[in-house]
Amino acid sequence: MHRKVIAPSVLAASLLLVIPASAAGSAAGAPGIGDPYYPASGNGGYDVSHYDLRLKYQPATDLLEGTATLLATAKTDLSRFNLDFGLKVSEVRVNGAKAKFATSGVHELEVTPAKPLPRNAQATVVVKYAGKPSEFKVDGWSAWQRTPDGGVAAQEPEAAAWWFPSNDHPLDKATFDVSVSVPDGTQAISNGVLQSQTSRLGWTRYNWRSNKPQATYLATLAVGRFDITTDKTANGLPVLNAYSKDLGDNAGAARASVERTAEIAEWLEGVFGPYPFNALGGYVPNVPSGFALETQTRPFYSPRQFANGANTSVVVHELAHQWYGDSVSVEGWKDIWINEGFARYSQWLWSEKEGEGTAQELAEWTYAVRPAEDPFWQVKPGDPGPDNQFHAAVYDRGAIALQALRNEIGDEAFFTILKGWPTERAHGNAKVSDFVRYAEKASGKPLAALFDTWLYTPGKPAFAPPAAAAAKKKDGRAAQAAPAAERVEPKSWKKIAATNGVHDTGHGHGHGHGHDHEH
């Protein structure tokens, strides 16, 4: 609707009086960062370098009160910018001055600073807020899980909007200080190193620091009553694991698995190079979900992961993500293979190490159990689409792609690549095409056709055994992996298949992984 209140010439003159000259060329930052899978995710116009979150949480009522301080740099002249956030905001200040704010869309907080931000200027944004995270819903869904004694924020691809305002996309990584005050007898778990813990007047404050760049969805918060174990690795890294006190029958298996975190991380260093962060650990809250998530330095595990006994394979998967997904993060969500194909392949390597089936045997079995007409083979791991972002094909076909690469270039070049890539790209972002170029350069072989076949071509491709085995075939026919009927199921297959729902968040597309069943 168009309303003419005053003559345009008068309006123009009055606007000239109130808009400073520096704003003439400034514009509003975009409400999305430009990811085609999730157009509303992230925001344009600025980069955040650090989040300082000072929170108070009351488990009995689910009330979260917070003051978030963001250190940001304008990438263009900004008259306005957006944050992704869902709770009720009471005040926003930019560089100390009160800013106007409004909400739009499902989780957009539009901030108009008193003065526009010039390009390359650093800004301090302070947001004061309060609300009950479980009451904020997007399409009827919440990333916040209530527990009998508190609450947990852990989800992919979005979780931040339920507990702090952010530029919510992996392209904008930042360091984090998370300080949480909870009633005495309750603990607050987050990422990184516990810097300090103090008690006063019935409340205990936990101060956590994640000192390396971290994607917003990898920031986690868990409040409840936990049994906590602490240790140090041989290299002096602090290890902190936490288990809800009410895990029931799954408590023993959860502990028997997650307590092997340091051992598994040490083994992974041999595969992927030095561990990229300042802390290690994991936590198992009493949540009804069935998924696990690679929250940076401290993966989240649902108790259901341990319903059939110890599950080191899921711990391997989430810890592998610390290199592939957390340190080297996706540039856009279509690049998810860079996370999931490698985390699945690490489970195959663990099986190889444990003598429960080699990666080649697992690749051949995975290949053989799904007939060519299975819709599994229609999903393209290199660009699966938002509906299939966490489809089994991204994991399994994605891992077969890596075995095909290993067979093509040989173990020496293959393992050099697995270590070199997360070292060269540490704490950055990457596209699938970046990895393909890196592998070609490192191996000295043209590999575009191999990756195109496995990552981008619908249909069941031919999968030959390693070159050495193929050379033994005397009849001149192209070697093919034998059908499932002719082979023995690798011992680790069922354990690994049981983690296929590892990232299954149990709701519709747009907010999580996979399918809610075992494959």
Side-chain angles (χ1 to χ4, degrees), residues 53 55-66 86-87 130-138 140-156 158-164 178-191 194 197 202-206 208 217-229 240-255 257-258 281-295 298-307 311 314 318 501-507 511-513 516:
L53 309 178
L55 311 172
K56 184 179 185 180
Y57 180 71
Q58 178 53 264
T61 59
D62 196 39
L63 179 64
L64 178 71
E65 298 167 86
L87 301 185
K132 296 183 178 183
S134 59
E135 291 181 0
F136 168 48
K137 302 276 169 68
V138 175
W141 170 83
S142 174
W144 181 266
Q145 295 194 73
R146 283 288 266 147
T147 60
D149 52 18
V152 177
Q155 267 288 2
E156 182 178 18
E158 294 167 335
W162 277 260
W163 64 290
F164 68 97
V178 179
S179 175
V180 193
S181 186
V182 293
D184 286 350
T186 299
Q187 292 105 334
I189 308 293
S190 191
N191 312 77
L194 182 62
Q197 177 183 330
W203 290 81
T204 303
R205 183 168 284 284
Y206 293 83
W208 295 90
Y217 83 95
L218 296 172
T220 191
L221 175 65
V223 176
R225 293 174 182 269
F226 294 96
D227 284 327
I228 290 175
T229 66
L240 185 144
N241 299 320
Y243 311 88
S244 275
K245 289 180 182 286
D246 53 359
L247 291 179
D249 290 350
N250 294 334
R255 197 175 283 227
S257 310
V258 178
Y283 74 97
V284 190
N286 185 7
V287 286
S289 58
F291 69 99
L293 182 65
E294 62 270 20
T295 38
R298 189 149 293 108
F300 156 92
Y301 303 96
S302 295
R304 263 195 3 228
Q305 289 286 332
F306 310 104
N311 186 346
V314 72
E318 300 311 333
V502 62
H503 287 166
D504 167 24
T505 52
H507 56 83
H511 301 283
H513 290 280
D516 204 4

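Minimum interatomic distance between Ala254 and Leu247 (heavy atoms only, all atoms of both residues): CB-CD1, 4.3 Å. In terms of heavy-atom proximity, Leu55 sits nearest to Gly66 at CD2-CA, 3.8 Å. Contact detail for Pro303 and Asn286: the closest heavy-atom pair is CG-CA, 4.2 Å. Residue Val223 comes nearest to Thr186 through the heavy atom pair CG1-CG2, 3.4 Å, listed as atom of the first residue, atom of the second, then distance. Taking both residues in full, the closest heavy atoms of Arg146 and Thr61 are given as NH2-C, 4.2 Å, listed atom of the first, atom of the second, then distance. Closest approach of Val152 and Ala222 over heavy atoms only: CG2-CB, 4.1 Å.
With hydrogens and angles disregarded, no donor-acceptor distance shorter than 3.5 Å links the side chain of Gln197 to the backbone of Tyr206. Within the 3.5 Å criterion, the main-chain N or O of Lys245 finds no donor-acceptor partner in the side chain of Asp227. Thr295 contributes a side-chain N or O that, together with a main-chain N or O of Arg298, makes up a donor-acceptor pair within less than 3.5 Å. The backbone N or O of Lys56 sits nowhere less than 3.5 Å from a side-chain atom of Arg205 that would complete a donor-acceptor pair. Put simply, the side chain of Thr220 gets close to the backbone of Ala153: a donor and an acceptor are under 3.5 Å apart.
Partner of Trp144 under the ring-ring contact (aromatic ring centres under 6.0 Å, His included) criterion, chosen from Trp162, Tyr57, Phe164: Tyr57. For the side-chain hydrogen bond (donor to acceptor under 3.5 Å, both in side chains) test with Ser289, the passing option among Gln155, Gln145, Gln305, Arg304 is Gln145; the others fail.
A distance of 10.0 Å separates CG in Asn241 from CD1 in Ile228, rounded to the nearest 0.5 Å. Interatomic distance, CG of Asn311 versus CZ of Phe306, reported as 6.0 Å (0.5 Å rounding). Here the CG-CG distance, from Leu87 to Leu63, works out to 9.5 Å after rounding to the nearest 0.5 Å.
Within the 4.5 Å cutoff, side-chain heavy atoms of Val314 are placed close to those of Tyr301. The side-chain heavy atoms of Pro133 and Ser142, taken from C-beta on, include no pair separated by under 4.5 Å. Using a 4.5 Å heavy-atom threshold, the side chains of Leu53 and Val180 count as separate. Looking at Arg255 and Thr229, their side chains come closer than 4.5 Å, going by heavy atoms from C-beta outward. Looking at Pro148 and Asp246, their side chains come closer than 4.5 Å, going by heavy atoms from C-beta outward.
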Before you tell me yes or no, could you show the steps for Leu64 and Trp163 under side chain to side chain contact (heavy atoms under 4.5 Å, CB included), namely the whole-Å CA-CA distance, both residues' side-chain angles and the distance that decides it to 0.1 Å? CA-CA 8 Å; Leu64 178 71; Trp163 64 290; 3.8 Å; yes
Does the pair Leu221 and Trp208 meet the rule for a side chain to side chain contact (heavy atoms under 4.5 Å, CB included), with working shown? CA-CA 10 Å; Leu221 175 65; Trp208 295 90; over 6 Å; no
Under the side chain to side chain donor-acceptor pair (under 3.5 Å) criterion, do Asp184 and Thr204 qualify, and how do the steps go? CA-CA 5 Å; Asp184 286 350; Thr204 303; 2.6 Å; yes
Do Glu294 and Glu156 pass the side chain to side chain contact (heavy atoms under 4.5 Å, CB included) test, and can you show the C-alpha distance, the side-chain angles, and the key distance before you say yes or no? CA-CA 9 Å; Glu294 62 270 20; Glu156 182 178 18; 3.9 Å; yes
Dump the intermediate steps for salt bridge (charged side-chain N to carboxylate O under 4.0 Å, His left out) on Asp149 and Arg225, then the final yes or no. CA-CA 7 Å; Asp149 52 18; Arg225 293 174 182 269; 5.3 Å; no
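In this structure, a donor-acceptor pair under 3.5 Å is present between the side chains of Asp62 and Ser134.
Remark: Phe226 pairs with no residue by the ring pair (Phe, Tyr, Trp, His ring centres under 6.0 Å) rule, at least two apart or across chains. For Phe300, the ring pair (Phe, Tyr, Trp, His ring centres under 6.0 Å) partners are Tyr283, Phe291, not counting sequence neighbours.
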